[in-house]
Chemist: 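Let me give you the structure first, and then I'll get to my questions.
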There are 2 protein chains.
Amino acid sequence: MKLTTKGRYAVSAMADLAAMGARVPVALSDVALRQGISLSYLEQLFAKLKRSGLVESARGAAGGYWLVNAPADIRIADIIAAVDEEIRTTACAGGSVLGCQGTTARCLTHDLWDELGRQIEIFLNAVSLEDILKKRVLGMAAVNAPNEQSPDERVYKGAAE
Amino acid sequence: MKLTTKGRYAVSAMADLAAMGARVPVALSDVALRQGISLSYLEQLFAKLKRSGLVESARGAAGGYWLVNAPADIRIADIIAAVDEEIRTTACAGGSVLGCQGTTARCLTHDLWDELGRQIEIFLNAVSLEDILKKRVLGMAAVNAPNEQSPDERVYKGAAE
DNA sequence: TACTTGCCGACTGAATTAATTGGATATGGA
DNA sequence: TCCATATCCAATTAATTCAGTCGGCAAGTA
């Protein structure tokens, strides 16, 4: 999972829309001012957000963008996936185990990056736009102890993949 | 937290040292061969690892690098911090809240990136080199439910809830 | 001495991010 | 109808970072 300002901009902008109310067209120029992001760059991001079905738009004067779903139903992972496309975290090419090429240590770390990617995805899937607006995010970080417990106790969900 | 091949290379190389035994000098040229990483690039990484006190070295023939501590006492977070230096995940400059400049929505997302960084750090701190060698990594991913609130119908953590 | 290895700094190619520029098309209101 | 305001669209650029290269020097061993 890439964690760049690109994804952060997108989340900030989406939170901005959410704060402005339901199905009210919000002009990107306003968002740009409030969030301190260049208008043209926002346009590129929203083209992707729209392509992913997260927002709708109206052209012309009094036009703008608005959220398709309620903030409670928009997960942060959806937003970042829309603008950052690539989710791969393992060193192995193509996500296939074949990429490890038979070397030992790299295959050992394979599990690590795999699990880290899952960890990040679980987190970003657990947080909605509404959680952000209502400041319910702090204190969510957690991790299971290494491998001694029964698999049934795991809280992890099989990430989208 | 940056998650690039840089950190992955470093972890792979450290796992390689760990697998070779305690305080045995391992030449980087051997590590480069086994892990498929360019020697010169490895040298740069190990300069940082040494500066951080994770490895020691001996020059000359039969020289090489070895781990200062036991694999069980070396956490992945230490390795990545050593080579990637920067851990900042918030959009706010300098890690200071002042970077938010009074805009509302960016400050809202501040908590999110803060917590995500904490999540990643908790995970990478919970895993040691020994865990990797003994393949105890899978199943550690987890997350707490969002901050105390009346439970609604939404599924935060997937089917396991 | 010859060889191996760590050490050091400057440089380069490739990729990506972030942003810019210059338009075209649609819409509502004066 | 005209015009300001918007989304839309494509191409280009500037800056950054990653990943890797290159050449040479220092130190230790046989």
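Keep in mind that what you see is a predicted model, and the values were worked out from it rather than measured. Lettering of chains follows the sequences in order, A, B, ..., and the numbering in each one begins at 1.
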Chemist: On the nucleotide D/dG20, are OP1 or OP2 found under 4.0 Å from the side-chain N or O atoms that B/Lys6 carries?
Modeler: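 B/Lys6 to D/dG20 OP1/OP2: no side-chain N or O under 4.0 Å.
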Chemist: I'd like to check the side-chain contact (heavy atoms from CB on, under 4.5 Å) partners of B/Ala13; sequence neighbours left out, ordered by chain and number.
Modeler: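 Per chain and number, B/Ala13 pairs via side-chain contact (heavy atoms from CB on, under 4.5 Å) with B/Val31, B/Leu42, B/Phe46.
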Chemist: Roughly how many Å is it from CG in A/Leu39 to P in C/dT20, rounded to a whole number?
Modeler: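 One finds 10 Å between P of C/dT20 and CG of A/Leu39, rounded.
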Chemist: Considering only heavy atoms and no angle criterion, is a donor-acceptor pair shorter than 3.5 Å present between the side chain of B/Gln44 and the base of D/dT21?
Modeler: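 Counting by modelled atom types and ignoring angles, a donor-acceptor contact under 3.5 Å is found here.
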Chemist: Which part of the nucleic acid does A/Val55 contact within heavy-atom distance under 4.0 Å: base, sugar-phosphate only, or nothing?
Modeler: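 Here A/Val55 touches no strand at all.
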Chemist: In whole Å, I'd like the distance from the CG atom of A/Leu28 to the P atom of D/dC9.
Modeler: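 Computing the A/Leu28:CG to D/dC9:P distance gives 14 Å.
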Chemist: Please collect all ring-ring contact (aromatic ring centres under 6.0 Å, His included) contacts where either partner lies in residues 15-38 of chain A, sequence neighbours excluded, each pair once.
Modeler: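 The answer is none; no pair qualifies.
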Chemist: Check every atom of C/dG6, C/dT20, D/dT21 against the side chain of B/Ser38 and return the nucleotide holding the closest atom.
Modeler: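 It is D/dT21.
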Chemist: For B/Arg23, what residues pass the salt bridge (Lys or Arg N to Asp or Glu O under 4.0 Å) criterion, not counting sequence neighbours?
Modeler: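 By the salt bridge (Lys or Arg N to Asp or Glu O under 4.0 Å) rule, B/Arg23 matches B/Glu56.
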Chemist: Among the candidates D/dT7, C/dT5, C/dA10, find the nucleotide nearest to the side-chain atoms of B/Ser29.
Modeler: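 The listed nucleotide nearest to B/Ser29's side chain is C/dT5.
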Chemist: Kindly point out which of D/dC9, C/dT20, D/dA6 is positioned nearest to the side chain of A/Ala27?
Modeler: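 Selected nucleotide (nearest to the side chain): D/dA6.
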Chemist: Extract from the structure each pairing of a protein N or O with an N or O of nucleotides 26-30 of chain C at less than 3.5 Å, listing the distance.
Modeler:
residue: C/dT27; atom: O2; partner: A/Ala61; partner atom: N; Å: 3.0

Chemist: For A/Pro25, which residues count as a side-chain contact (heavy atoms from CB on, under 4.5 Å) partner, sequence neighbours excluded?
Modeler: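 Testing A/Pro25 for side-chain contact (heavy atoms from CB on, under 4.5 Å), a comparison that skips the adjacent residues, returns A/Trp66.
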Chemist: Can any side-chain N or O of B/Ser128 pair as donor or acceptor with the backbone N or O of B/Asp131 at less than 3.5 Å?
Modeler: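 A pair under 3.5 Å: yes.
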Chemist: Which of the following nucleotides, D/dG20, C/dG6, D/dT7, is nearest to the side chain of B/Tyr9?
Modeler: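 Closest of the options to the side chain of B/Tyr9: D/dG20.
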Chemist: If I take atom CD in residue A/Glu56 and atom P in nucleotide D/dC8, what distance separates them, rounded to the nearest angstrom?
Modeler: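 For the pair A/Glu56 CD and D/dC8 P, the rounded distance is 11 Å.
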Chemist: Atom CG of B/Leu45 to atom C1' of D/dG20: distance rounded to whole Å?
Modeler: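 Those two atoms, CG and C1', are 11 Å apart.
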Chemist: Which one, D/dA6, D/dG20, C/dG6, comes nearest to the side chain of B/Ser57?
Modeler: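 Out of D/dA6, D/dG20, C/dG6, the nucleotide with an atom closest to B/Ser57's side chain is C/dG6.
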Chemist: Considering heavy-atom distances to DNA chain C, does B/Phe46 or A/Gly7 have its closest nucleotide positioned more toward the 5' end?
Modeler: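 Taking each residue's closest nucleotide, the earlier one in sequence belongs to B/Phe46.
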Chemist: What is the separation between atom CH2 on A/Trp66 and atom C1' on D/dT7, rounded to the nearest whole Å?
Modeler: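 Rounded to whole Å, this separation is 11 Å.
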Chemist: Identify whether the distance between the nearest side-chain nitrogen and carboxylate oxygen of A/Arg118 and A/Glu121 falls below 4.0 Å.
Modeler: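 Looking at A/Arg118 and A/Glu121, the cut-off is not met.
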Chemist: Going by salt bridge (Lys or Arg N to Asp or Glu O under 4.0 Å), name the residues that satisfy it together with B/Lys50, two or more places apart in sequence or in a different chain.
Modeler: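 Testing B/Lys50 for salt bridge (Lys or Arg N to Asp or Glu O under 4.0 Å), a comparison that skips the adjacent residues, returns none.
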Chemist: How long is the line joining OH of B/Tyr41 and P of C/dC8, in whole Å?
Modeler: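 It is 18 Å, rounded to the nearest whole Å.
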Chemist: To the nearest Å, give me how far apart CD1 (A/Ile80) and P (C/dT17) are.
Modeler: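 Going from CD1 in A/Ile80 over to P in C/dT17 covers 13 Å.
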Chemist: Take the protein atom CG of A/Leu42 and the nucleotide atom C1' of C/dT20, then report the distance between them rounded to whole Å.
Modeler: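 Rounding to the nearest Å, CG of A/Leu42 and C1' of C/dT20 are 14 Å apart.
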